[in-house]
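All heavy atoms count here, side chains included; hydrogens, waters and symmetry mates do not. Worth saying up front: this structure is predicted, and the values here are computed from it rather than measured. As the structure lists them, so they are numbered: ligands from 1, and atoms in each ligand from 1.
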Amino acid sequence: MALVVQKFGGTSVANIKKIKNVVQKIIREKKAGHDVIVVLSAMAGETDRLIALAHSASESPDEREYDSLISTGEQVTVTLLAIVLNSMGYRAKSFLGFQVQIKTDKAYKKARIKHIDTEAIRKELKKGAIVVVAGFQGVDDDNNITTLGRGGSDTSAVALAAALKADHCDIYTDVDGVYTTDPNICNKARRLDKISYDEMLEMAITGAKVLQPRSVEMAKKYDVHVYVKSTFSDQGGTLVTKEDKDMEREIVSGITYDRDQAKITVVHVPDKPGVAAALFSPLSDNNINVDMIIQNASLEGFTDLTFTVSKKDLKEAQKIVEATAKAVGAKKVEVDDQVAKVSVIGVGMASHSGVAAKMFTTLANEGVNIMMISTSEIKISCVIQRKYTELAVTVLHDAFGLEKKK
Ligand code: ADP
Ligand code: ASP
Ligand code: MG
């Protein structure tokens, strides 16, 4: 008998009909004799609706109340699923984050799970119940409800699998696995049977939203076997696991994109020690993450500094940067909210040259201008105009031959 965690995303539980459909996947595991913990997201679009409501109530909603509000979508789905299961004669019990005691830090909107109390869940499993846990939410030491960042139900599922030492964690979604790129924008994308934690993490960080980056970090740390599967079919599936010898160290294994990017340029800044610190410290003090940064070569003691932030932080970031730019004597601040980041990922890149050149040439051949570049051992990212995202992803996927099985 195994212990399995099954997580269903928003499109999988978008309405009662779909909730009744996931029941089939759950009872199949139960009938096979396994203990089952189900983690659910809110119905598709519900978290967005709640966020919009919060912002219609106030331009900058109180963070404690905001998290309590946006966590409610999951309360609806877990209770509905438990009601359906109970009505079919299965013993099922729903739990919210605070009822389990999914303990997090105090960082509202992006809390990290510190500890999970497994006692209440184990007690129910022992009684033969299917345990249904609300994803995306936790509770801090002062009993405030916290949320784990967008897509956080993946992390709830993997964290529960780690805490309860589950045999595996199945992430059911609207695609049947992890692909070489988003199959919804590139019809030549190829499903991978297996992917290493490191590559999956880099893909998730650079925008492949099929798994939240923190869920992959956690899976790697606790060696949780994660299967990404389709809610709507029994075909396919991708195992996210440790790198092994059957996984080739591909030079390039995937292409990702992130449309949630905005670019800020501080023009004609004095090029002297302390200026970058003065510009970036107030952003980090306000919890605004800066992604890529480039600084031009200095000309007569002045330079331009360009960086990217998440689109949702642009307004606040712009306000902060305009104030500091003035204080440090910069000429002006320019913003561009029509950009995207495309990235080429591969663990084998570290030992091969020429990947960057091929990426730049491929984009140039399509007339796509590269505004910013950043590289790491296993990734190259370029910021481009957002309208070229699909084109860039498709031509890069072709150029690196990802369609064919290697
Ligand atoms: P859920 O609501 O189930 O959590 P998400 O929308 O968060 O689902 O994640 C699934 C989506 O991730 C897919 O519909 C797909 O468009 C997108 N995606 C992006 N990159 C990839 C990739 N490389 N492989 C598979 N799906 C991807
Ligand atoms: N409902 C949350 C969101 O939309 C969490 C999740 O879906 O994983 O971000
Ligand atoms: Mg998701």
(request) Heavy atoms only: give me the nearest K109-D67 pair and the separation to one decimal. (result) N-OD2, 2.8 Å
(message) Testing the basics here: between V22 and S12, what is the closest heavy-atom pair and its distance to 0.1 Å?
(response) CG1-O, 3.3 Å
For ligand 1, which atoms, with element, lie under 4.0 Å from some heavy atom of [X]?
| X | answer |
| --- | --- |
| A208 | 19 (C), 20 (N) |
| Y179 | 22 (C), 23 (N), 24 (N), 25 (C) |
| N184 | 13 (C), 14 (O), 15 (C), 16 (O) |
| K7 | 4 (O) |
| M203 | 23 (N) |
| G177 | 24 (N), 25 (C) |

Considering non-hydrogen atoms of the protein only, which is the closest contact for [atom], and what is the distance?
| atom | answer |
| --- | --- |
| atom 1 (P) of ligand 1 | T173 OG1, 3.6 Å |
| atom 6 (O) of ligand 1 | K209 NZ, 3.4 Å |
| atom 27 (C) of ligand 1 | V210 CB, 3.8 Å |
| atom 2 (O) of ligand 1 | G10 N, 3.1 Å |

(request) Would you tell me which option among L211, D174, V178 has the nearest heavy-atom contact to atom 11 (C) of ligand 1? (result) D174
(message) For Y66 and H55, take the angle between the two ring planes, folded into 0 to 90°, and tell me which bin it lands in: parallel under 30, tilted 30 to 60, perpendicular over 60.
(response) perpendicular
(message) Suppose we screen for side chain to side chain contact (heavy atoms under 4.5 Å, CB included). Which residues come up paired with T173, at least two apart in sequence or across chains?
(response) V175, V210, V228
Pair [X] + [Y]: basic N to acidic O under 4.0 Å:
| X | Y | value |
| --- | --- | --- |
| E124 | K93 | yes |
| E46 | R49 | yes |
| D142 | K106 | yes |
| K220 | D198 | yes |
| D154 | K7 | yes |

Under-4.0 Å heavy-atom contact with ligand 1, by part of [X] that carries it:
| X | result |
| --- | --- |
| V175 | side chain |
| V228 | neither |
| P183 | side chain |
| D182 | both |

(request) Carefully, step by step, assess F232 and Y172 under the rule ring-ring contact (aromatic ring centres under 6.0 Å, His included). (result) CA-CA 9 Å; F232 308 105; Y172 287 93; 9.9 Å; no
(message) Given a heavy-atom cut-off of 4.0 Å, could you list the residues near ligand 2 in chain and number order?
(response)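 Around ligand 2, where the cutoff is 4.0 Å for heavy atoms, the contacting residues are S41, A42, T47, E74, F136, R150, G151, G152, S153.
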(message) Applying salt bridge (Lys or Arg N to Asp or Glu O under 4.0 Å) as the test, list every pair that has at least one member in residues 388-401; sequence neighbours left out.
(response)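 Non-adjacent pairs meeting salt bridge (Lys or Arg N to Asp or Glu O under 4.0 Å): K188-D398, R259-E390.
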(request) Taking atom types as modelled, find out whether D170 and H168 have a side-chain donor-acceptor pair closer than 3.5 angstrom. (result) yes
Which atom pairs, one a donor and one an acceptor, fall under 3.5 Å between side chains of residues 29-42 and the rest of the protein, sequence neighbours left out?
{"unit_1": "K30", "atom_1": "NZ", "unit_2": "G128", "atom_2": "O", "d": "3.3"}
{"unit_1": "H34", "atom_1": "ND1", "unit_2": "A2", "atom_2": "N", "d": "3.1"}
{"unit_1": "S41", "atom_1": "OG", "unit_2": "S153", "atom_2": "OG", "d": "3.2"}

